[in-house]
Amino acid sequence: MPSKKMRKSKEEKAKPREKIRRKIAEALELPKDVTLNVPRLTMIGTSNLIIENYKGIIEYERDKIRVNTSIGIISITGEGMIIREITSEDIMVEGEINSLIFMK
Amino acid sequence: MLFLRLWNYIRGYVIIFVEGYFLEKFINMCIHRQIFLWDIKKQNNSAMLLKVSIKGFKLLRPIARKTRCRVRITKKRGLPFVINRYRRRKTFAVGAIVCIILLYVLTSFVWVVEIEGYETIDVQVLTDKLESLGVKPGVLKYGIDTDKVVNEMMLSIRELAWIGITVKGTKVKVSVEEAIKPPELIPKDVPCDIVAAKDGIIKTIIAKNGREMVKPGDTVVKGQLLISGEIPNKNDPTKTRLVHAIGMVNARTWYEERCKVNTVLIEKERTGTVETNYSLVLLTKQIDLFHKDVDFEDYEKVEVRKGISLGEDFVLPFGIIIQKFHEVRKVEREISLEEAKQLAASSAHKDVLARIPSTAQIVDTRTEFKQNEDGTIEAVVIVECIEDIGVTRKIGG
């Protein structure tokens, strides 16, 4: 199939490109979340959590949210949590956050 | 956040109730298809409330079908829904348009003419002249040619040094500057004397041109010759030379003012009974609303005018006038001797100062009190000044 071939060739191309990118980024001291494709977590007190660069949500309850990211699943437990905003780039959780667990 | 909320309101959004067992999948699919969701609140195990834009909501159907969720709108919010609600109300739209037109029409008239800066000129003269030139309440503001009005005003009223007219909103602001009358001068080449303008005792006399006729210490009366413009010829006493006398004659002058004050004052005191009358002001007419007759023997009238205006300059031609009549009764009050003296002195002092010209230098102020037989206190204030009392007068004139 031509489309599969195309993707494969793209991936092969992307690998050395990624390497170069990482090296340049380290040399220039750019923030890692931009270059390494890892999520960036921002917390404001215990009431607000913003996860940028995530993959998707796995579970959503008022007392537990699990979010899939490139470094594994982030499990958030708390009380009365709502998803204030959700876009393809970031997710903003509001409520009483009690714990964050990173499951690799 | 506020901006975002406002934006969402303008675009319009719906609060939906989603019921199903794959709610996370539903959210993920929405994100994947670039549908923006916010304020997601889980209700129970299998239901949640969330907000989504109108545009996004239309794309939800296939996702809901795939994830086997049931979607139900609970609330519609935002401007599009409000507009939609009012779209069929024709009278409302007509009313809104009429209101805007009316506001525009009303603000294109002049409703207030403000004059400021006058001191000696009668305001009536100014308003009458302005009225005759077409600047009065009720005229179209576009019809006022300010340049023309300014020119006409300057030509017809000689006391004006400057006049400025600006149309601001529904207000016409007229500011005037009065000309200071120049003193009547006798040309330098016309011979003249200097005579006394008022009574006094000469303190110093300096003649720059002319012959001194009085010495310091002399008492002079009004009209007395001080510096003569006639200079006799030394060689021929019968012939005289006429000059334009110039000089300074400083003299002591006195101003006196009396004031009587009764130790029993009659004061007006409000009894607390108030009658209130209201009037409506429409355009330039005044409409009285249920006016009652005021049957107080003696009263004080307080009038309050309340206009409606948009900002400071857009005065609208509506308003109310509230007239309050406070009933008063006369109350006799006895004041102490000291108080009466003080009252009399300050009143007399004020009167005397009003008479003293600004160029005079005040040297001494004396206050004397007299107690009359009828119980009144009389204050006599005498102010001693030093001032130039010389005025020019044409010889033979």
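Quick note on labels: first sequence line is chain A, next is B, and so on, each numbered from 1. As the structure is a computational prediction, the values presented were derived from the model and not from experiment.
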Are more than 12 heavy atoms from other residues, nucleotides or ligands located less than 6.0 Å from atom CZ of Arg40(A)? no

For Phe102(A), look at atom CZ and say whether over 12 heavy atoms of other residues, nucleotides or ligands are found less than 6.0 Å away. yes

Comparing Glu85(A), Glu61(A), Arg84(A) against chain B, the one with the most heavy-atom pairs below 4.5 Å turns out to be Arg84(A)

Among residues 22-57 of chain B, residues within the sub-4.5 Å heavy-atom range of chain A, in order of number, are Glu24(B), Ile27(B), Asn28(B), Ile31(B), Gln34(B), Phe36(B), Leu37(B), Trp38(B), Asp39(B), Ile40(B), Lys41(B), Lys42(B), Gln43(B), Asn45(B)

Mark yes when over 12 heavy atoms from residues, nucleotides or ligands other than Phe3(B) sit less than 6.0 Å from its CZ; otherwise mark no. no

